[in-house]
Amino acid sequence: MVEKRQHPLLALLFNHLVYAIFSFLIVTSMSGKWQIFFGMFFLILYLSGIYSYAHKAGWGHQKSYSVVKPHIKFPLAYALIAVCYVIVPLLLWLVLPYGTVYLLVLLWEAPFYFAHIIYHDGVVNFIAAGGFSALITVVTALGYLAGVKGFHLMALVHKLLYRPVETEETKKEQ
């Protein structure tokens with residue numbers, strides 16, 4: 001879900017917003033094991049979007065004609081932005097603990113809803129927020145590094161899932 005026509009901050013913001021809306025509508029309507037299952041599903045989708053964004057940036061930076069050369073500052077900046085999308089609303093909730101703000105923060109944090117970053121009584125779980133922030137940082141760094149090195153995860157998955165069809169001709173050649 002990387003939008004190349006937009007500024008990187010807006011593209012990450014759009015990605016987060018799309019996942020937040022879908023997560024909020026589906027995950028918050030579930031309970032028990034279904035909530036955890038769908039929460040993990042949307043978290044994996046969310047992390048794959050961040051990975052893909054960083055991978056495309058790294059892939060573009062390593063091209064010979066690129067004016068931007070690969071550097072550690074890019075994945076760190078992308079990770080910082082993604083982590084701010086997790087932490088800033090929680091800090092806003094701590095400063096302004098009102099009902100409307102709570103609902104907006106709950107909507108915004110919906111990709112992580114199943115882990116109860118905000119408990120039902122309004123207390124913020126900073127351990128879960130820190131864990132997700134670390135996970136986002138690692139995924140972003142791995143995506144950028146994979147893009148710079150030219151590693152494509154789907155090519156590896158394709159090799160694992162599909163193998164050439166053996167015919168009589170290929171058996172004779174072996």
Side-chain angles (χ1 to χ4, degrees), residues 1-63 66 68 70-90 104-118 125-163:
M1 290 191 67
V2 176
E3 180 61 52
K4 289 299 225 179
R5 295 171 290 184
Q6 294 179 355
H7 190 274
L9 298 175
L10 293 176
L12 278 174
L13 176 67
F14 179 73
N15 285 348
H16 185 90
L17 197 57
V18 167
Y19 287 117
I21 290 170
F22 283 126
S23 305
F24 185 78
L25 293 174
I26 294 173
V27 176
T28 57
S29 65
M30 304 288 172
S31 65
K33 293 182 189 241
W34 285 110
Q35 187 179 52
I36 293 172
F37 173 76
F38 281 107
M40 292 296 291
F41 175 74
F42 279 107
L43 178 66
I44 290 169
L45 285 179
Y46 179 73
L47 292 175
S48 69
I50 291 174
Y51 177 90
S52 174
Y53 179 82
H55 185 274
K56 284 189 179 192
W59 180 250
H61 291 174
Q62 62 89 23
K63 301 277 184 172
S66 176
V68 179
H71 195 272
I72 190 71
K73 68 181 179 183
F74 294 110
L76 289 178
Y78 301 148
L80 179 65
I81 292 164
V83 166
C84 282
Y85 291 154
V86 175
I87 299 296
V88 170
L90 296 177
L104 291 174
V105 171
L106 191 64
L107 169 70
W108 190 258
E109 299 291 340
F112 318 110
Y113 181 80
F114 71 99
H116 302 291
I117 286 185
I118 301 176
N125 182 359
F126 281 105
I127 294 172
F132 285 125
S133 299
L135 186 62
I136 288 169
T137 304
V138 168
V139 166
T140 305
L142 289 175
Y144 188 81
L145 181 64
V148 167
K149 298 295 182 185
F151 175 75
H152 295 280
L153 189 60
M154 290 313 294
L156 178 68
V157 170
H158 188 269
K159 284 182 184 177
L160 293 174
L161 291 178
Y162 300 105
R163 62 177 185 186

(Q) To check you understand the geometry: which heavy-atom pair defines the closest contact between Ala128 and Ala115, and what is its length? (A) CB-O, 4.3 Å

Q. When rounded to the nearest 0.5 angstrom, what distance separates CE in Met30 from CD1 in Ile26?
A. 7.0 Å

**Q.** Whether Tyr85 and Trp108 hold their rings parallel, tilted or perpendicular, with breakpoints at 30° and 60°
**A.** perpendicular

Q. Does Ser133 use its side chain to pair, donor to acceptor, with the backbone of Ala129 at less than 3.5 Å?
A. yes

Q. Would a distance-only check, ignoring hydrogens and angles, find a side-chain to backbone donor-acceptor pair under 3.5 Å from Ser48 to Leu45?
A. yes

**Q.** Spatial distance of atom CG (Leu25) from atom CG (Leu107) [nearest 0.5 Å]
**A.** 8.5 Å

Q: Could you tell me whether Phe22 atom CZ has more than 12 heavy atoms of other residues or ligands within 6.0 Å of it?
A: no

Q.
Ring centres under 6.0 Å, that's the criterion: do Phe114 and Phe42 meet it?
A. no

Q: Would you check if the side chain of Gln62 reaches a backbone N or O of Trp59 as a donor-acceptor pair within less than 3.5 Å?
A: yes

Q: To the nearest 0.5 Å, tell me how far Asn125 CG sits from Leu90 CG.
A: 9.5 Å

Q: Report the relative orientation of the aromatic rings in Trp34 and Phe37; use parallel for angles under 30°, tilted for 30 to 60°, perpendicular for over 60°.
A: perpendicular

**Q.** Taking every non-hydrogen atom, the tightest pair across Thr140 and Ala79
**A.** CG2-N, 3.7 Å

Q: List the atom of Ala20, the atom of Ala110, and the distance in Å for their closest heavy-atom pair.
A: O-CB, 3.4 Å

Q. Hey, is NZ on Lys63 packed in by over 12 heavy atoms from elsewhere, all under 6.0 Å?
A. yes

Q. Which distance, rounded to the nearest 0.5 Å, do you find between the OH of Tyr78 and the NZ of Lys73?
A. 10.0 Å

Q | Which atom of Cys84 lies closest to which atom of Pro89, heavy atoms considered | A | O-CD, 3.6 Å

(Q) Rounded at 0.5 Å granularity, tell me how far CD1 in Ile87 sits from CG in Leu80. (A) 10.5 Å

Q: Can you establish whether the number of heavy atoms outside Phe41 located under 6.0 Å from its atom CZ is more than 12?
A: no

Q. So how far is it from Leu47 CG to Tyr19 OH, rounded to the nearest 0.5 Å?
A. 9.0 Å

(Q) I need the minimum non-hydrogen distance between Ile50 and Ala82, along with the two atoms involved. (A) CD1-CB, 4.1 Å

Q. Which heavy atom in Ala57 sits nearest to a heavy atom in Tyr144, and how many Å separate them?
A. C-CE1, 4.0 Å

